[in-house]
Amino acid sequence: MINRESKKRRLTLGWLAVAALCCLCIAQSAFAGSIVGWGSQVVDSSDPGKLTAIAAGGGYSLGLKSDGSIVGWGSNSYGKATPPDGNNFVAIAAGGWHSLALKSDGSIVGWGDNYYGQTTPPDGNDFVAIATGLWHSLALKSDGSIVGWGISGGSFFDRGQITDAPDGNDFLAIAAGRLHSLALKSDGSIVGWGSNIYGQSTPPVGNDFVAIAAGARHGLALKSNGSIVCWGWYSYGLLTPPDGNDFVAIAASMFHSLALRSDGSIVGWGDNYYGQTTPPDGNDFVAIATGGGGIGSGGNGHSLGLKSDGSIVGWGDNYYGQARPPAGSDFAAIAAGGSHSLALKSDGSIVGWGDNYSGKADPPDGSDFVAIAAGGLHSLALKSDGSIVGWGWDYFGQATPPRGHNFVAIAAGSDYSFALKSNGSIVGWGWDYFGQATPPRGHNFVAIAADGAHSLALKSDGSIVGWGNNDYGQAAPPDGNDFVAISAGNVHSLALKSDGSIVGWGDNWRGQATPPEGSDFVAIAAGGEHSLALKSDGSIVGWGVNYSGQATPPDGNDFMAIAAGYHHSLAIRREVPVSIEVAMKLTPQALNRKGRGKWIKAHFILPEDLAFDDVDSNILGRIESLGIEADYMDVFVDEDGLIRVEMAFDRTAFCDALTDSGSIEITVIGFLTNGQYFYGTDTIKIKNRNP
């Protein structure tokens with residue numbers, strides 16, 4: 001016997017009196033997923049597993065996994081952060097715009113920029129170490145000799161013969177800087193070649209060196225007694241390493257250096273503008289990496305530390321998101337700004353990553369947000385109470401929204417913002433040089449979009465209006481009353497029509513305003529000079545400029561949302577929920593269509609490993625095969641401590657949805673707070689046909 005009164009802790013949703021705002025929360029909970037990214041803001045949202053090696057390049061990073069595969073994140077120009085598939089890699093190297101990996105068979109693969117042939121390694125299976133510079137690459141062979149490829153010769157930056165490695169078979173280690181190279185010999189001495197403007201390729205004399213590192217214009221060497229020496233460019237205190245004889249590893253970047261101590265802690269010196277030389281506390285680090293070996297190709301102020309548990313921590317410049325790739329599968333909405341990104345989680349909180357100038361990627365705390373918008377240097381969020389908060393650069397007041405609790409949508413442009421009110425009117429604030437922050441009057445608007453310096457609004461009659469900068473016609477939408485969605489790029493615009501087709505206008509120099517043909521599109525996103533569209537089958541297409549790969553979306557048919565930044569793209573991948581079969585009984589067991597009664601009820605008994613709070617009360621149960629949703633749901637604990645769920649379906653709707661008579665098998669599903677769902681199946685007898 002169920003003792004309902006013995007437990008007062010009960011969740012009752014009532015009679016579907018759910019406001020529009022609550023519907024948004026339901027959708028977020030039901031359709032949350034993981035995030036994937038491509039272009040200059042690549043996001044690895046999967047579990048990287050245990051990592052065994054790290055490499056930091058020009059605005060991006062690589063990690064070698066314990067299974068021999070490689071993961072990459074950060075800037076992805078030329079595809080440098082998209083490693084090849086495979087599980088047979090043993091070493092990695094990250095350069096300015098290119099990457100290398102050493103395979104277990106002794107061969108080398110390269111990817112990324114290949115203008116000078118730097119990603120086309122020589123043939124062979126006798127390589128034991130690799131190194132990448134700005135436009136050149138090095139490899140150490142098993143016989144102790146060195147080969148180089150990529151740019152070589154000429155007087156540009158006094159680079160000399162960068163790839164012309166010295167003769168000999170007694171080399172133990174190699175290092176490649178911006179335009180110079182170093183090699184450690186078996187006798188403990190160091191040789192250097194390439195550009196020597198600052199003396200960076202003239203290492204100190206001695207035979208007691210055990211490790212080397214090449215920065216952009218400086219070099220480091222670790223001595224056998226555990227101390228460090230530096231040479232080359234002298235700015236930022238680069239040539240003043242920390243005192244001590246307990247160092248075991250070194251790393252050098254554009255303007256800063258790191259050293260790992262024998263106790264597992266890290267010290268840094270040099271430029272600290274981004275905090276790149278202020279490592280986190282801890283004594284469990286086993287390896288270090290700095291912004292691409294001093295390549296100087298962007299994002300060179302970041303650092304990485306590999307911990308003994310195989311995890312990575314990053315600090316310093318996060319301009320391309322290289323130091324903080326988000327993870328998780330509970331994201332419900334995404335927004336891509338000029339060089340930063342935001343994601344709204346199913347619990348109503350916000351996370352940000354990428355360029356954090358003026359704090360634009362550091363959202364406020366809270367779990368009551370329902371919408372997000374990312375602008376050029378600022379961000380906005382809409383709260384469940386209808387108010388707006390802003391953060392980031394606020395020179396024009398673009399991050400200071402008006403007060404009020406009647407807002408239903410937000411949009412963030414380059415240096416301005418505007419919002420849609422519940423009465424259908426629009427308000428704008430921030431930079432208004434082109435009038436982009438001065439929306440038209442009216443109370444019949446249903447959607448808004450903003451980007452560079454022009455704005456769009458969709459009216460309730462399906463037409464579009466535009467205002468602001470119109471140099472390329474981007475603020476002059478086409479005529480028509482069959483539009484259902486809008487998106488504003490830097491200087492181009494897109495609109496989705498009711499028939500599922502897309503139209504574009506504005507700047508079309510890179511083809512970004514010429515969408516593909518078709519009538520199966522359900523969402524659009526306009527970026528800097530590229531565009532994206534989500535198809536009804538869950539796949540994504542992209543077009544326009546693609547030099548960072550931003551217009552080449554990943555394969556798959558499981559995407560549910562898209563966003564386009566200036567050089568990067570994002571998508572939410574739908575997570576397939578895990579199902580749990582549970583005991584369920586329908587009442588009545590026999591249904592007379594002509595009989596009386598209000599409800600068809602489903603009674604569940606959940607497994608003992610599920611708790612009361614595991615049931616998601618924000619999502620009513622469903623009978624998918626009949627296309628109907630429960631009118632109410634009650635969750636309670638019985639006298640035996642088991643979780644019971646009762647759902648009630650309207651009897652008339654249930655009968656109207658039936659197409660057969662006889663014994664009908666019915667499956668009812670409910671939802672858990674972790675995104676999984678439970679279901680039960682029972683058979684009900686139908687006694688009478690409908691007339």
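Residue numbers start at 1 and run along the sequence shown.
The OG1 atom of T132 sits 6.0 Å away from the CG atom of L100 when rounded to the nearest 0.5 Å. The structure places CH2 of W97 at 9.5 Å from CD of Q118, a figure rounded to the nearest 0.5 Å. Note that the CG atom of N490 and the OH atom of Y566 stand 4.5 Å from one another [nearest 0.5 Å]. Atom NZ of residue K65 and atom OG of residue S69 lie 4.5 Å apart, to the nearest 0.5 angstrom. With rounding to the nearest 0.5 angstrom, the CZ atom of F331 is 11.5 Å from the CG atom of L342. S61 OG to L304 CG: the interatomic distance, rounded to the nearest 0.5 Å, is 4.0 Å.
Looking at W393, its side chain never comes within 3.5 Å of a backbone N or O of L377 through a donor-acceptor pair. Side-chain N or O atoms of W193 include none that pairs as donor or acceptor with a backbone N or O of S181 at under 3.5 Å. Between the side chain of K80 and the backbone N or O of G58 there is at least one donor-acceptor pair closer than 3.5 Å.
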*Step by step, work out the side-chain contact (heavy atoms from CB on, under 4.5 Å) result for V351 and K345.*
CA-CA 8 Å; V351 294; K345 303 185 76 172; 4.1 Å; yes
*Would you sort out whether S99 and Y60 count as a side-chain hydrogen bond (donor to acceptor under 3.5 Å, both in side chains), showing the intermediate values?*
CA-CA 10 Å; S99 305; Y60 74 110; 2.7 Å; yes
*Please lay out, stage by stage, how I250 and L258 fare under the test side-chain contact (heavy atoms from CB on, under 4.5 Å).*
CA-CA 6 Å; I250 50 177; L258 297 178; over 6 Å; no
_Please evaluate residues S341 and H568 with respect to the criterion side-chain hydrogen bond (donor to acceptor under 3.5 Å, both in side chains), reporting the C-alpha separation (whole Å), side-chain torsions for both, the decisive distance (0.1 Å), and the verdict._
CA-CA 9 Å; S341 301; H568 74 291; 2.9 Å; yes
*For side-chain contact (heavy atoms from CB on, under 4.5 Å), just list the numbers for I130 and I108, CA-CA rounded to whole Å, side-chain angles, deciding distance to a tenth of an Å, and then say yes or no.*
CA-CA 8 Å; I130 48 177; I108 302 172; 3.6 Å; yes
*After noting the C-alpha distance and the side-chain angles of D284 and S308, does the key distance pass the side-chain hydrogen bond (donor to acceptor under 3.5 Å, both in side chains) rule?*
CA-CA 6 Å; D284 56 348; S308 57; 4.6 Å; no
*Show the numbers, then the answer: is there a side-chain contact (heavy atoms from CB on, under 4.5 Å) between C230 and W269?*
CA-CA 12 Å; C230 307; W269 67 99; 4.2 Å; yes
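A heavy-atom distance below 4.5 Å is found between the side chains of R217 and M254. Inter-residue side-chain proximity for W509 and V545 is flagged as unmet; no heavy-atom pair is nearer than 4.5 Å. Two residues are said to be in side-chain contact when any heavy atoms from C-beta on lie closer than 4.5 Å; L306 and F285 fail this criterion. Side-chain contact check for H180 versus L182: some heavy-atom pair is nearer than 4.5 Å.
In this model, a donor atom of one side chain and an acceptor atom of the other lie less than 3.5 Å apart for S569 and H530. Looking at N88 and S104, their side chains never bring a donor and an acceptor atom within 3.5 Å of each other. Of the N and O atoms on the side chains of H98 and S137, at least one donor lies less than 3.5 Å from an acceptor on the other residue. Residues T290 and H256 bring no donor and acceptor atom of their side chains to less than 3.5 Å of each other. Side-chain contact annotation: D271 with T277, donor-acceptor N/O pair under 3.5 Å absent.
For W233 and F255, the gap between ring centers is short of 6.0 Å.
Atom CG of D243 has 12 or fewer neighbouring heavy atoms from other residues, nucleotides or ligands inside a 6.0 Å radius. When the shell of 6.0 Å around CG of D143 is examined, it contains more than 12 heavy atoms from other residues, nucleotides or ligands.
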